[in-house]
Amino acid sequence: MKQQNSSRLAGNPNWGTATVVGIFAGMLYGGSKEASASVSKDAEVMLKMGSTQDKREQHRLMRDAMEKRFTRVTRGSLIGGMRLGMFTASYFSLQNFLAETRGVHDVFNFVGAGSATAAVFGLIMPGSLAWRVRNVMLGSVLGATVCFPLGWLQLKLMEKANEGNKQDTSHHGEVTSGVGAAIERLEQQLRK
């Protein structure tokens with residue numbers, strides 16, 4: 001099999017992996033948010049249970065409350081995962097698209113992707129046309145403001161990670177990356 005030689009820098013995020021991570025993070029956030037919100041509803045059930053002496057009625061109330069809680073937490077997990085997954089998929093695919101079309105890996109890829117993604121998600125939020133225009137403008141500015149320092153930080157970390165890879169070569173004269181490069185650097189330091 002022939003190995004593809006990509007111009008992507010090591011450390012440039014893969015949108016598929018980022019999307020999966022975003023989905024799971026959104027599921028955790030959405031589920032925990034719904035679980036903590038249902039605490040007050042559990043208190044109402046306990047009050048109802050105290051007002052009746054019939055054991056079957058108490059069990060029915062408790063079962064209904066647990067079923068409703070399970071449904072709320074599951075729904076919150078699925079919706080949260082879908083929302084954050086769509087956001088991360090669109091952000092990272094747009095970031096990679098900008099990097100490939102521009103041919104440069106710089107902070108403006110992060111800013112452009114963050115600004116455009118936040119603007120699109122501001123557009124699809126419910127409300128009147130004026131409210132949506134406001135959300136687009138606010139999302140665009142906020143996305144660029146948040147992504148500029150984060151993009152700069154990620155670029156610096158990528159440069160640091162790639163700095164060792166340029167110097168390290170494997171036994172076949174090929175450039176190694178990731179764990180292999182780190183192991184070779186460690187071996188070289190231990191030999192000294």
Side-chain angles (χ1 to χ4, degrees), residues 8 11-100 109-151 153-154 157-158 178-179:
R8 275 182 35 172
N12 200 22
N14 181 345
W15 74 269
T17 306
T19 301
V20 170
V21 169
I23 288 171
F24 284 121
M27 290 177 75
L28 285 172
Y29 172 73
S32 62
K33 187 175 87 169
E34 286 297 325
S36 64
S38 65
V39 170
S40 63
K41 300 204 187 292
D42 290 344
E44 293 174 14
V45 171
M46 292 307 219
L47 285 174
K48 285 181 186 176
M49 283 180 57
S51 66
T52 181
Q53 297 299 323
D54 186 16
K55 292 290 183 187
R56 279 185 268 166
E57 182 67 17
Q58 288 178 351
H59 285 293
R60 188 190 65 76
L61 286 172
M62 187 60 106
R63 186 186 69 233
D64 288 347
M66 290 298 128
E67 286 174 358
K68 286 179 184 176
R69 184 175 190 173
F70 176 78
T71 304
R72 277 193 311 268
V73 170
T74 304
R75 183 175 183 269
S77 293
L78 293 175
I79 289 174
M82 184 179 65
R83 285 180 181 165
L84 193 57
M86 285 178 15
F87 186 85
T88 55
S90 58
Y91 172 78
F92 283 109
S93 61
L94 187 56
Q95 178 187 346
N96 288 337
F97 173 75
L98 287 173
E100 292 297 322
N109 294 338
F110 296 91
V111 171
S115 179
T117 304
V120 167
F121 275 83
L123 181 65
I124 63 174
M125 291 183 72
S128 66
L129 182 61
W131 189 256
R132 289 181 182 192
V133 169
R134 177 194 166 274
N135 287 342
V136 166
M137 299 301 284
L138 186 63
S140 178
V141 170
L142 189 62
T145 305
V146 168
C147 287
F148 184 80
L150 293 177
L153 180 66
Q154 185 175 352
L157 290 173
M158 283 172 32
V179 177

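All figures in this text were calculated on a predicted structure; none of them were measured in a lab. Computation of the quantities below employed the complete heavy-atom set of this structure, encompassing side-chain atoms and omitting hydrogens, waters and symmetry-equivalent molecules.
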remark   = Between the CG atom in Leu84 and the CE atom in Met27, the distance rounded to the nearest 0.5 Å is 11.5 Å

key: Under the side chain to side chain donor-acceptor pair (under 3.5 Å) test, residues paired with Ser115 that sit two or more places apart   = Ser140

query = Which heavy atom in Leu150 sits nearest to a heavy atom in Val146, and how many Å separate them?
reply = CG-O, 3.4 Å

query = For Val111 and Ala144, which heavy atoms make the closest approach, and how far apart are they?
reply = CG1-CB, 3.7 Å

ask   = Pick one: which of Val120, Leu123, Ile124 meets side-chain contact (heavy atoms from CB on, under 4.5 Å) with Val136?
value = Leu123

request  = Heavy atoms only: give me the nearest Ala113-Leu94 pair and the separation to one decimal.
outcome  = CA-CD2, 3.7 Å

query = Would you say the side chain of Tyr29 lies within less than 4.5 Å of the side chain of Lys33, judging by non-hydrogen atoms?
reply = yes

ask   = Does a sphere of radius 6.0 Å around CZ in Arg134 hold more than 12 heavy atoms from other residues, nucleotides or ligands, not counting ones at 6.0 Å or beyond?
value = yes

task = Could you list the residues that satisfy side chain to side chain donor-acceptor pair (under 3.5 Å) with Arg60, not counting sequence neighbours?
result = Glu57, Asp64

request  = Can you measure from OH (Tyr91) to CG (Asn96) and round to the nearest 0.5 angstrom?
outcome  = 9.5 Å

message = Around atom CZ of Phe148, are there more than 12 heavy atoms from other residues, nucleotides or ligands closer than 6.0 Å?
response = no

ask   = So do Phe24 and Leu28 actually touch side chain to side chain, heavy atoms under 4.5 Å?
value = no

ask   = Atom CD1 in Ile79, atom CZ in Arg83: separation rounded to 0.5 Å?
value = 6.0 Å

query = Thr117 side chain to Gly114 main-chain N or O, any donor-acceptor pair under 3.5 Å?
reply = no

message = Counting neighbours of CZ on Arg63 that are heavy atoms of other residues, nucleotides or ligands and sit closer than 6.0 Å, is the number greater than 12?
response = yes

query = How far does CG of Leu142 sit from CG of Asn135, to the nearest 0.5 angstrom?
reply = 11.0 Å

ask   = Can you name the closest pair of heavy atoms from Phe110 and Gln154 and give their distance?
value = CE2-OE1, 3.0 Å

query = Counting only N and O atoms by type, is there a donor-acceptor contact under 3.5 Å from the side chain of Arg132 to the main-chain atoms of Met125?
reply = yes

query = Quick one: CE on Met62 to CZ on Arg69, what's the gap to the nearest 0.5 Å?
reply = 10.0 Å

task = Search all heavy atoms of Thr19 against all heavy atoms of Thr88 and return the closest pair with its distance.
result = CA-OG1, 3.5 Å

inquiry  = If I take atom CG from residue Leu98 and atom OG from residue Ser93, how far apart are they, to the nearest 0.5 angstrom?
reply    = 9.5 Å

